[in-house]
Amino acid sequence: MDEKYFPEQIEEKWQAHWRATDAFASAPKSDQPKFYCLEMLPYPSGFLHMGHVRNYSIGDALAWYKRLQGFNVLHPIGWDSFGQPAEQAAIKRGINPRVWTEDNIAHMRGQLQRLGISYDWSREIFAHRPEYYRWDQWFFLKMFERGLAYKKMTPVNWCPTCETTLSNEQASGGICWRCGNPVEKRDIVQWFLRITDYAEQLLNDMQEIEAGWPERVLTMQRNWIGRSEGAFLDFAMMDFPGEKIRVFTTRIDTIYGATAVVVAAEHPLIAAHVDKIPNRDAVEPFIVLVKAEKAQAKAPGAEEEKLGVDTGLRAINPFSGEEVPVWIGNYVLMEYGTGAVMSVPGHDERDFEFATKYGMPIRRVIASLAAGNEVTPRGPMAAAMTEYGVMINSQEWSGTRSDEAKRKMSVFAQEHGFGEAAVTYRLRDWGISRQRFWGAPIPIIYCDSCGTVPVPEADLPVRLPDDVKITGVGESPLASVPEFFNVTCPTCGGVARRETDTMDTFVDSSWYFFRYCDPHNTDAPVGKEIAAYWTPVDQYIGGIDHAVMHLLYTRFWTKVMRDIGLVPFNEPVKRLMTQGMVTNLIEGTNDWKRMSKSAGNGVDPDDMIGAFGADSVRLFVLFAAPVENELRWQEAGIDGAKRFLQRVYRHVWRWRASIANAPGEESAAGDFSAEARSLRRKTHQTIARLTADMDKFQLNTSIAALMELSNELGDFKVEPGAAAASDLYAVREALQALVIMLTPFAPHIAEEMWAGLTGSNAGLLGSQAKWPAFNAELAVKEELEIPVQVNGKLRSRIIAAPDATKEAMEAAALADEKVRTYTDGKQIVKVVVVPQRLVNIVVKG
RNA sequence: GCCGGGGUGGCGGAAUUGGUAGACGCUGCGGACUUAAAAUCCGUUCUUCGCAAGAGGGUGCGGGUUCGAUUCCCGCCCUCGGCACCA
């Protein structure tokens, strides 16, 4: 340990030490509890950004904390290395995507190591390497076997900028998750994974993780899954005897107000009977119009004008027997429910708008309960009434409370054979086909005689060819590589063609953290026993942007893995923490925006590490804001972090020689002075605070507590040369606790100071350093300053022992001179005494 | 429109879940050291009145419960995020 703190020297020194000693290597152990600490794996764009720094600093703080507490910690990292930027580099600059990716990884790995994040590098994984993606393909085959992977032609999200399809989650809000541009609909044949089979489980199993996941993530997933309870109802077709239109409704109680059935333009009934539709001349152009409208990218949130056309067909309301027209409407979605709705303009806002526009009748069949006794309001409706109430104009159902009627009516419908209670979901199956090169090939072969044939497991991996010209035009680049797609059928040996689409990269990240447990396994994606030891993940840390993409997919994937028999649980992640984003001021404005190259407000982590040291950067990032909040980048704040580290360093330097002679046992230290007792009290109070705050992920207040302890050490009035044995004991206790508890936030300087304090170069882990033990007795104050209020206003303070009786406190408060100026001559109504807290005297007059 | 999270000094944020509001840090201001600067250290920094001791006000707004409310209840306002023709 040198007198002066030079971050670059000690950071290099300890990084080398960690590497040489495999300090963070992990293996299953029976004598320690395990802790799996995971941060979302990065895409190797080439450069670490501050969001990464924040993510990994948070994770590393937890990993160190758990390690020092005696947990067997798994803390791995890898690369989400398939994806479009590599392909863009290939298109624009002719670089081989694999070479580009590997170079980027090499650079970013160096950056992570300069940050000193405590990863077990022996477990590093790479999504783009065949040793990894063969298991993506293996999972696909398992799903195919179970009917969970299927292919269909359907309108899918298409990003014209990225030139590929997107899943619904990736096109949420009508914009592409990667490039931010509006998406279109296109009819494309795609592979889908049947995530909807798991909709109910994805919803129900949330109770297992409710305590550990942020409310907003669960809410977003709940909304995304969009469960809704209602009923299917069949409207018989007048024109086609025996045929019916099935609608889905959540408001069966409004059925007597149905004045039409409205179907989606793509509804099969229309296509099946197009030549028998009375208004065919109007219907056909309308369908063309609606399809064109849907194919067009539209601004997010923009609601189309409601358009419709009367087909001239008629259907029968199964409850009332009434005849109603069948319309086609652009606002009815084929993808949701049954693609057909009953139109109840009186009690649904959309139907009201539609009916008003086309002059359709509007009928009131629910009367408001809030309106008191008037159950049959008169006059035309000015707007849809969407609340529950009492049914009116509804034949024998009139007078029934509409919320109660719902269940009875769906039972009635079922008994009479024209409907049933039903649940629908907004969630759709996960489209995973991508018309791109840089992804895992889908292991399927098309044979003219055998049809769709899965690649035999023994033939995995289906490797990506290495020297492909990627032009960015046309269909999937693999479709222009005959050596890739020309194959023989594994079943009949005949001529066949390989699937040329690749998988969505979210497949790779759906199960990667299982692979970390067993990264070199060549027989399975992960060994069952080893997975059972390490997983589920105890703490996961990442950005909120993956709330309904990655975090939903990985829950789904885990359930499939459970069904295959690979893992014994339902949920992959016990606790999730979503960090806030890192923002920086846009120059010349007052706007704080997410750091990014394009906005010109990015900060290069390497520059910061060079200027302040990795420890100061990490400490600042963790101290400046609670982990879930936005973090505003301010260099003055890193200065503050470095100042604090320097102060601690100076305390250690100043005392290290003297405390080497401190007695080993407390009993040999003799009597502690009031000053020494006070320091020890602060030390133990700090231990208690840190432990509680760390468990709650309150890293900012943890650091604040360490600063307080450091300040107290600075205020310790005894000089090292003149210190009694007891003083040295107290100071050593404080410094050791401070250094160990600082480790999660600034590990390099902590290692250096630990070496300085102990004279050992074995490192914290090598010397079995342990999180300090809390001693409640030492943390208790000898005397307390108790605030005294008169009528709730602070008027004075008294000194009391922590175990003072209520009576003694009351007497002392009433006797206090300042208090008496407020109580003299007044009637004391009541005295409230809260032991160890306060006294409040209530007076009158 | 629906769902969810928030409103505390100049700023980031604390407050042991009903008990001293503003911990810790940043910034600013004043000072020490220095020929000077950097670095470091000390003081000060919610607000009003006051030379001071002290007194009043104060956690988005208005009510309420309580000896006591940033915290609990009722009614508003503002703001951020997500979803959005989902029947």
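Order of the sequence lines sets the chain letters (A, B, ...), proteins ahead of strands, with each chain counted from 1.
- As judged by a 4.0 angstrom heavy-atom cut-off over every strand, A:V341 is placed among the base-contacting residues.
- In terms of modelled atom types and a separation under 3.5 Å, the side chain of A:N157 and the main chain of A:E184 share no donor-acceptor contact.
- If you take CG of A:N629 and P of B:C24, they are 20 Å apart, rounded to a whole angstrom.
- Spacing between atom CG of A:D693 and atom C1' of B:U16 amounts to 10 Å, rounded to whole angstrom units.
- Distance CZ (A:R654) to P (B:C41): 13 Å, rounded to an integer number of Å.
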Find every protein N or O atom lying less than 3.5 Å from an N or O atom of nucleotides 79-82 of chain B, and list the pairs.
none

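- Anti is the classification of B:G54, since its glycosidic angle lies more than 90° from 0.
- Here A:F248 pairs with A:F232 under the ring pair (Phe, Tyr, Trp, His ring centres under 6.0 Å) rule; sequence neighbours left out.
- Listed by chain and number, the residues in a side-chain contact (heavy atoms from CB on, under 4.5 Å) with A:A340 are A:I245, A:V247, A:V263, A:H267, A:T338 (sequence neighbours excluded).
- Within 4.0 Å (heavy atoms only), A:R795 reaches sugar-phosphate atoms of the nucleic acid but no base atom.
- Here, B:U65 and B:A15 have their P atoms 29 Å apart, quoted to the whole Å.
- When rounded to the nearest whole Å, the span between CZ of A:F620 and C1' of B:G13 equals 12 Å.
- A salt bridge links A:E708 with A:R689: the distance from a Lys NZ or Arg NE/NH1/NH2 to an Asp or Glu carboxylate oxygen falls below 4.0 Å.
- Ion pairing of A:R837 with A:E785 is absent here, as no side-chain N (NZ or NE/NH1/NH2) approaches a carboxylate O to less than 4.0 Å.
- A distance of 14.5 Å separates CD in A:Q296 from NZ in A:K185, rounded to the nearest 0.5 Å.
- Of the candidates B:A87, B:G25, B:G56, the closest approach to any side-chain atom of A:N711 belongs to B:G25.
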All N/O pairs under 3.5 Å across the protein-nucleotides 42-50 of chain B interface:
none

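- A donor and an acceptor atom, one from each side chain of A:Y336 and A:S228, are located under 3.5 Å apart.
- Remark: A:K294 is not in phosphate contact with B:C85, judged by side-chain N or O atoms under 4.0 Å from OP1 or OP2.
- Looking at A:R246 and A:D234, a side-chain N of the basic residue comes within less than 4.0 Å of a carboxylate O on the acidic one, giving a salt bridge.
- Note on A:R643: only backbone sugar-phosphate atoms sit closer than 4.0 angstrom, heavy atoms only; bases stay farther off.
- In this structure, A:N584 contributes its side chain and A:N601 its backbone to a donor-acceptor pair below 3.5 Å.
- Put simply, A:R632 has no side-chain N or O that comes within less than 4.0 Å of OP1 or OP2 on B:G13.
- Dashed line: the shortest gap from a side-chain N or O of A:Y336 to OP1 or OP2 of B:A87 is under 4.0 Å.
- Under the rule for a side-chain contact (heavy atoms from CB on, under 4.5 Å), the partners of A:N700 that lie at least two apart in sequence or sit in another chain are A:P626, A:Q698.
- Less than 4.0 Å separates RNA chain B from at least one heavy atom of each of the following residues of residues 698-708 of chain A: A:N700, A:T701, A:A704, A:M707, A:E708.
- Salt-bridge annotation for A:E266 and A:K294: present, with a side-chain N of the basic residue lying under 4.0 Å from a carboxylate O of the acidic one.
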What dot-bracket string describes RNA chain B from 5' to 3', counting Watson-Crick and G-U wobble pairs whose defining distances are under 3.5 Å, with [ ] for crossing pairs and | for pairs to another strand? (((((((..(((......[....))).(((((.......))))).((((....))))..(((((..]....))))))))))))....
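- Listed by chain and residue number, nothing satisfies the side-chain hydrogen bond (donor to acceptor under 3.5 Å, both in side chains) test with A:T821 (two or more places apart in sequence, or in another chain).
- At B:C67, one or more side-chain N or O atoms of A:K830 fall inside 4.0 Å of OP1 or OP2 (strictly under the cut-off).
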Using salt bridge (Lys or Arg N to Asp or Glu O under 4.0 Å), reason through A:R654 and A:E719 one step at a time and then give a plain yes or no. CA-CA 9 Å; A:R654 179 160 173 260; A:E719 285 301 313; 3.4 Å; yes
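- Taking atom C1' in both B:G19 and B:G68, the straight-line distance is 7 Å, to the nearest Å.
- Taking atom P in both B:U45 and B:G25, the straight-line distance is 15 Å, to the nearest Å.
- To the nearest whole angstrom, the two C1' atoms, one in B:C46 and one in B:G58, are 8 Å apart.
- When each of B:A55, B:A87, B:C85 is scored by its nearest atom to the side-chain atoms of A:N330, the top-ranked nucleotide is B:C85.
- At a threshold of 4.0 angstrom between heavy atoms, the contacts of A:G337 with the nucleic acid are absent.
- Here A:K4 pairs with A:F6 under the side-chain contact (heavy atoms from CB on, under 4.5 Å) rule; sequence neighbours left out.
- For the C1' atoms, the distance linking B:A53 with B:A69 amounts to 31 Å, nearest Å.
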Can you tabulate the close N/O pairs, meaning under 3.5 Å, that link protein atoms to atoms of nucleotides 18-21 of chain B?
from  : atom 1 : to     : atom 2 : distance (Å)
B:U20 : O2     : A:R797 : NH1    : 2.2
B:U20 : O2     : A:R797 : NH2    : 3.3
B:U20 : N3     : A:R797 : NH1    : 3.2

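- Taking 90° from 0 as the syn/anti boundary, the base of B:U17 is oriented syn.
- Residues A:M342 and A:A636 both approach RNA chain B. Their nearest nucleotides, taken by heavy-atom distance, put A:A636 toward the 5′ side.
- The separation of B:A14 from B:C67, taken at their P atoms, amounts to 32 Å, rounded to a whole angstrom.
- The closest side-chain donor-acceptor pair between A:S167 and A:Y553 falls under 3.5 angstrom.
- One finds no side-chain N or O of A:Y822 lying less than 4.0 angstrom from the OP1 or OP2 phosphate oxygen of B:G54.
- An OP1 or OP2 oxygen of B:A87 is reached within less than 4.0 angstrom by no side-chain nitrogen or oxygen of A:R426.
- Taking A:N840 as the reference, A:Q789, A:V832 meet the side-chain contact (heavy atoms from CB on, under 4.5 Å) condition, with sequence neighbours excluded.
- Using a 4.0 Å heavy-atom distance criterion, A:V332 is classed as a base contact.
- Residue A:D639 is out of contact with every strand shown, counting any heavy-atom pair closer than 4.0 Å.
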Using a 3.5 Å cut-off and no angle test, enumerate the donor-acceptor pairs between side-chain atoms of residues 327-335 of chain A and protein atoms at least two apart in sequence or in another chain.
from   : atom 1 : to     : atom 2 : distance (Å)
A:N330 : OD1    : A:L307 : N      : 2.8
A:N330 : ND2    : A:E305 : O      : 2.8
A:Y331 : OH     : A:D351 : OD1    : 3.0

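- Between A:F418 and A:F319, a ring centre-to-centre spacing shorter than 6.0 Å is recorded.
- Toward the 5' end of RNA chain B, the nearer of the two residues A:T424 and A:W224, judged by each one's closest nucleotide, is A:W224.
- With both ends at atom P, the span from B:A52 to B:U44 equals 15 Å, rounded to whole Å.
- Residue A:P626 is in sugar-phosphate contact alone, with no base atom involved, counting any heavy-atom pair closer than 4.0 Å across all strands shown.
- One P atom belongs to B:A38, the other to B:U47, and the distance between them is 27 Å to the nearest Å.
- Few gaps surround NZ on A:K357; more than 12 heavy atoms of other groups in view lie less than 6.0 Å from it.
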